[in-house]
**Student:** 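Structure in structure tokens, see below.
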Amino acid sequence: MNLKEMKYLVILAGPSGVGKSHNGDLLMKRHPDRFVFSVSDTTRPLRPHEVEGENYCRITTEQFLANAEQGLYIESEEVYPGIWYGTRRDKLEAIWDFGRTPLLDIDLYGANKLRGIFGELAIAIAMIPPSIETLEDWLRKRKTETEEAIKRRIAKAPQEIEAAKLWPHVIVSERSQKPIQEILEIITPVLKLPF
Ligand code: 5GP
């Protein structure tokens with residue numbers, strides 16, 4: 001089996017606000033012919049700048065639970081109370097069938113499930129903030145969340161950061177080119193990407 005036929009996936013995981021989607025965008029711009037973003041289903045309303053089908057597919061909780069019951073999700077999590085997120089198996093398969101590598105932006109618990117399923121084919125990178133205070137500052141400056149949603153995200157972060165420390169690849173996020181450089185250093189040799 002050649003490299004392109006192997007079902008690799010790249011996972012950027014870590015607490016909300018840490019910079020996964022920004023760095024994921026940079027990665028896709030750098031290698032537009034290689035990565036396709038894995039669009040998750042979510043039950044949360046989309047943010048004003050988010051595009052249905054590109055950032056997330058927004059569905060009702062009823063539909064989400066029915067999909068989960070049918071086994072459509074390879075992993076799904078109630079990331080915040082009453083708010084579900086899930087990665088659809090058929091979407092990953094479609095990306096592989098297209099000869100591309102899925103790029104996932106998911107939480108650490110969902111990512112751990114995929115690490116268990118895919119083993120070394122899951123190139124999983126944990127992104128953690130320099131501190132909780134910095135994460136809170138970034139979330140506030142993003143101006144996409146209500147105060148309640150910010151508090152929910154910050155409350156979850158310490159346990160996520162502790163879990164991340166056990167991962168083989170951990171990147172301390174910062175607002176510079178360093179995180180994307182580190183991501184490229186991890187994935188380039190495995191996926192044999194052009195420099
Ligand atoms: P947000 O609402 O800020 O977009 O996402 C909240 C958290 O859910 C983030 O950590 C994000 O990476 C994670 N997330 C997004 N999609 C999925 C998914 O399909 N599965 C899991 N487990 N987490 C997800």
**Student:** Can you list everything that forms a salt bridge (Lys or Arg N to Asp or Glu O under 4.0 Å) with D41? Sequence neighbours excluded, please.
**Tutor:**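 Counting only residues at least two positions away or on another chain, D41 forms no salt bridge (Lys or Arg N to Asp or Glu O under 4.0 Å).
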**Student:** How about E52: does its CD atom have over 12 heavy atoms from other parts shown lying under 6.0 Å from it?
**Tutor:**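 Yes - once you tally the heavy atoms of other residues, nucleotides and ligands closer than 6.0 Å, there are more than 12.
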**Student:** If the condition is side chain to side chain contact (heavy atoms under 4.5 Å, CB included), which residues does R140 pass it with, not counting sequence neighbours?
**Tutor:**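 Expected list: E136, E147, I150.
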**Student:** With sequence neighbours left out, which residue pairs that include part of residues 16-28 fulfil the salt bridge (charged side-chain N to carboxylate O under 4.0 Å, His left out) condition?
**Tutor:**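 Qualifying pairs: K20-D105.
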**Student:** Side chain to side chain contact (heavy atoms under 4.5 Å, CB included) with K165: which residues, sequence neighbours excluded?
**Tutor:**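 Result, side chain to side chain contact (heavy atoms under 4.5 Å, CB included) vs K165: I161, E162.
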**Student:** Hydrophobic clusters join Ile, Leu, Val, Met, Phe, Trp and Tyr when side-chain heavy atoms are under 4.5 Å apart, directly or via other members; which others share one with Y73?
**Tutor:**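 For the cluster that includes Y73, the remaining residues are I59, F64, L65, W84.
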**Student:** In Å and rounded to the nearest 0.5 Å, what is the CG to CG distance from L103 to L12?
**Tutor:**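 CG of L12 is found 5.5 Å from CG of L103.
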**Student:** Please name all residues satisfying ring-ring contact (aromatic ring centres under 6.0 Å, His included) with Y56, sequence neighbours left out, ordered by chain then number.
**Tutor:**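 Y56 satisfies ring-ring contact (aromatic ring centres under 6.0 Å, His included) with Y85 once adjacent residues are dropped.
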**Student:** Can you name the side chain to side chain contact (heavy atoms under 4.5 Å, CB included) partners of P130, sequence neighbours left out?
**Tutor:**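 With neighbours one apart ignored, the set is T134, W138, V172.
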**Student:** Taking side chain as C-beta onward, heavy atoms only, is V10 less than 4.5 Å from L191?
**Tutor:**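 A side-chain contact under 4.5 Å exists here.
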**Student:** Please report the interatomic distance CZ(R34) to NZ(K192), rounded to the nearest 0.5 Å.
**Tutor:**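 It is 10.0 Å, given to the nearest 0.5 Å.
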**Student:** Test side chain to side chain contact (heavy atoms under 4.5 Å, CB included) on Q181 and L184 and set out the steps.
**Tutor:** CA-CA 5 Å; Q181 289 308 334; L184 286 166; 4.3 Å; yes
**Student:** So I106 and E77, do their side chains get closer than 4.5 Å, heavy atoms only?
**Tutor:**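 No, their side chains stay 4.5 Å or more apart.
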**Student:** Does a side chain donor of either S176 or E174 reach within less than 3.5 Å of an acceptor in the other side chain?
**Tutor:**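 Yes, side-chain donor-acceptor contact under 3.5 Å.
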**Student:** Nearest 0.5 Å, what's the CZ-CD1 distance between R30 and I183?
**Tutor:**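 Taking CZ in R30 and CD1 in I183, the distance rounds to 11.5 Å.
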**Student:** Is V36 isolated, or which residues cluster with it under the ILVMFWY side-chain rule of less than 4.5 Å, directly or via members?
**Tutor:**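 Joined to V36, directly or through intermediates: I95.
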**Student:** Going by side-chain hydrogen bond (donor to acceptor under 3.5 Å, both in side chains), name the residues that satisfy it together with E160, two or more places apart in sequence or in a different chain.
**Tutor:**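 Scan of E160 (side-chain hydrogen bond (donor to acceptor under 3.5 Å, both in side chains), adjacent residues dropped) gives none.
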**Student:** How is the hydrophobic cluster of L166 composed, in terms of its other members, when Ile, Leu, Val, Met, Phe, Trp and Tyr link through side-chain heavy atoms under 4.5 Å apart, directly or indirectly?
**Tutor:**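 So far as hydrophobic clustering goes, L166 is joined with none.
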**Student:** Would you please name every residue forming a side chain to side chain contact (heavy atoms under 4.5 Å, CB included) with T144, sequence neighbours left out?
**Tutor:**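 Only R47, H49, R142 meet the side chain to side chain contact (heavy atoms under 4.5 Å, CB included) criterion with T144.
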**Student:** Test side chain to side chain contact (heavy atoms under 4.5 Å, CB included) on N55 and L46 and set out the steps.
**Tutor:** CA-CA 9 Å; N55 300 97; L46 296 191; 5.8 Å; no
**Student:** Using the ring pair (Phe, Tyr, Trp, His ring centres under 6.0 Å) rule, collect all pairs that involve residues 104-136, keeping only residues at least two apart or in two chains.
**Tutor:**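 Pairs touching residues 104-136 that pass the test: W96-F118.
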